[in-house]
Participant: 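Below: one structure in structure tokens.
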Number of protein chains: 2
Amino acid sequence: MFSIDYRSPVPLYLQIVDNVERLAARGVLQPDSQLPSVRGLAVELSLNPNTVSRAYGELEARGLIYSLPGRGNFLAASSSALLQAMEQQTLRRLHMLCSEYICLGQPRERWLTLCKEAWQQAENHENGKEEGEKHDRDTGADQTL
Amino acid sequence: MFSIDYRSPVPLYLQIVDNVERLAARGVLQPDSQLPSVRGLAVELSLNPNTVSRAYGELEARGLIYSLPGRGNFLAASSSALLQAMEQQTLRRLHMLCSEYICLGQPRERWLTLCKEAWQQAENHENGKEEGEKHDRDTGADQTL
DNA sequence: ATACTGTACTAATAAAACTAGTACACGTAA
DNA sequence: TTACGTGTACTAGTTTTATTAGTACAGTAT
């Protein structure tokens with residue numbers, strides 16, 4: 001169920017995060033269902049338990065899973081909640097960017113103009129690229145479990 | 001005229017960039033006026049010419065200065081053009097963020113809602129902090145030239 | 001108690017960022 | 001041309017950061 005490419009430049013713990021996100025978004029993992037244990041997954045993927053733990057920690061920070069010490073890790077989000085978590089992340093980054101922009105002394109209207117412009121550009125860029133690659137990070141996996 | 005802190009964790013070349021930005025924004029440097037030569041500034045600040053060159057390269061990428069090989073580096077921007085350059089930078093980062101957001105399949109209205117929300121938060125945060133520190137990166141300088 | 005669970009701390013390794021050394025290319029003025 | 005100014009490309013060394021692994025500890029359930 002987990003696809004990991006050990007030779008990818010993408011950190012292993014991030015690949016695990018991506019896998020869980022994907023499974024959660026597709027509904028393969030149900031809310032409140034238990035994820036593989038830190039040790040169990042570490043053995044399966046031939047990794048150090050701490051690498052898995054770090055991935056789970058990242059997922060917890062993103063609000064996708066919750067941890068019960070001594071019990072295990074569990075999926076917190078339905079796919080709609082997953083979307084919400086992603087939006088939260090977008091909002092945080094947007095907030096940082098906006099703070100810097102406000103320092104320039106620009107008015108709110110100008111900010112919104114830029115936001116609209118960004119959407120325009122991004123949308124064009126999206127339509128410009130034909131059906132090329134998916135936006136999954138890595139798919140040339142070595143091992144599937 | 002240049003304030004450099006050699007013990008700051010902020011890279012030297014970025015400190016130079018900040019200095020030029022600050023001087024340009026305050027109108028100390030006039031448009032099309034010549035900046036210190038790469039070698040000259042390197043000697044003054046006891047740096048390698050390449051470090052200064054990298055700073056100038058960064059400034060050129062931001063549209064703040066232009067380079068005439070064999071002649072020197074010159075300030076391109078009036079303070080209004082400086083603002084414009086900063087806006088360009090904001091727009092680029094906004095564009096990247098927006099592209100990722102579009103991948104979630106969300107509509108334009110939702111994006112704009114988030115943008116407005118970000119402004120709201122950032123503005124509150126701005127008003128929340130009293131007159132604390134300036135938003136200059138480093139001011140505990142060792143050397144001034 | 002035992003066997004499972006997650007986590008904190010430290011250390012070793014890999015990767016990247018930053019700065020400096022050196023040599024080269026272009027432009028201007030004598 | 002020659003000399004001296006300018007910026008730049010390429011390489012190497014150092015420092016810093018990110019990533020992963022080793023080990024030991026703490027909580028929970030049977």
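Everything numeric here is computed off the predicted structure, so don't read it as measured data. Every chain is numbered from 1 and lettered A, B, ... according to where its sequence line falls, protein lines coming before strand lines.
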Participant: Is a salt bridge present between Arg54(B) and Glu58(B), judged by a nitrogen-to-oxygen distance below 4.0 Å?
Facilitator: no

Participant: Reckon Ser67(A) has a side-chain N or O less than 4.0 Å from the OP1 or OP2 of dG6(C)?
Facilitator: no

Participant: Specify the separation, in whole Å, of atom OH of Tyr56(A) and atom C1' of dT5(C).
Facilitator: 12 Å

Participant: Rounded to whole Å, how long is the line connecting atom CD of Glu58(A) with atom P of dA18(D)?
Facilitator: 13 Å

Participant: Inspect the surroundings of CD in Gln34(A) and state if more than 12 heavy atoms from other residues, nucleotides or ligands are less than 6.0 Å away.
Facilitator: yes

Participant: Arg54(B) CZ to dG7(D) P: how many Å, rounded?
Facilitator: 18 Å

Participant: Given dT8(D), is OP1 or OP2 found less than 4.0 Å from the side-chain N or O atoms of Asn50(B)?
Facilitator: no

Participant: Are OP1 or OP2 of dG7(D) and a side-chain N or O of Ser53(B) less than 4.0 angstrom apart?
Facilitator: no

Participant: Rounded off to whole Å, could you give me the CG-to-C1' distance for the Asn73(B) and dC26(C) pair?
Facilitator: 14 Å

Participant: Return the nearest nucleotide to the side chain of Asn48(B); candidates are dA21(D), dT8(D), dG21(C).
Facilitator: dG21(C)

Participant: When the distance from CG of Leu35(A) to C1' of dT5(C) is rounded to whole Å, what number comes out?
Facilitator: 13 Å

Participant: Whole-Å distance between dA20(C) P and Leu45(B) CG?
Facilitator: 11 Å

Participant: I'd like to know whether Ile102(A) forms a side chain to side chain contact (heavy atoms under 4.5 Å, CB included) with His125(B), so could you lay out the CA-CA distance, the side-chain angles of the two residues, the decisive distance to 0.1 Å, and finally the verdict.
Facilitator: CA-CA 11 Å; Ile102(A) 285 181; His125(B) 207 258; over 6 Å; no

Participant: Please report the distance, rounded to the nearest Å, between CG in Leu68(A) and P in dA29(D).
Facilitator: 9 Å

Participant: To the nearest Å, how far apart are Ile16(A) CD1 and dT19(D) C1'?
Facilitator: 12 Å

Participant: Taking OP1 and OP2 of dT19(D), is either one under 4.0 Å from a side-chain nitrogen or oxygen of Tyr13(A)?
Facilitator: yes

Participant: So which nucleotide from dT20(D), dT6(D), dA20(C) ends up closest to the side chain of Leu47(B)?
Facilitator: dA20(C)

Participant: Given that Gly70(B) and Arg39(A) both sit by DNA chain D, which one's nearest nucleotide is further toward the 5' end?
Facilitator: Gly70(B)

Participant: Between dG7(D), dT19(C), dT8(D), which nucleotide has the shortest distance from any of its atoms to the side chain of Ser37(B)?
Facilitator: dG7(D)

Participant: Return yes if the base of dG7(D) and the side-chain atoms of Arg71(B) contain a donor-acceptor N/O pair under 3.5 Å, otherwise no.
Facilitator: no

Participant: So which of Leu41(A), Ile4(A), Ile16(A) actually passes side-chain contact (heavy atoms from CB on, under 4.5 Å) with Leu47(A)?
Facilitator: Ile16(A)

Participant: dT20(D), OP1 or OP2 - any side-chain N/O from Thr51(A) closer than 4.0 Å?
Facilitator: no

Participant: Is Ile65(A) reachable from Leu68(A) through a run of hydrophobic residues whose side-chain heavy atoms are each under 4.5 Å from the next?
Facilitator: no

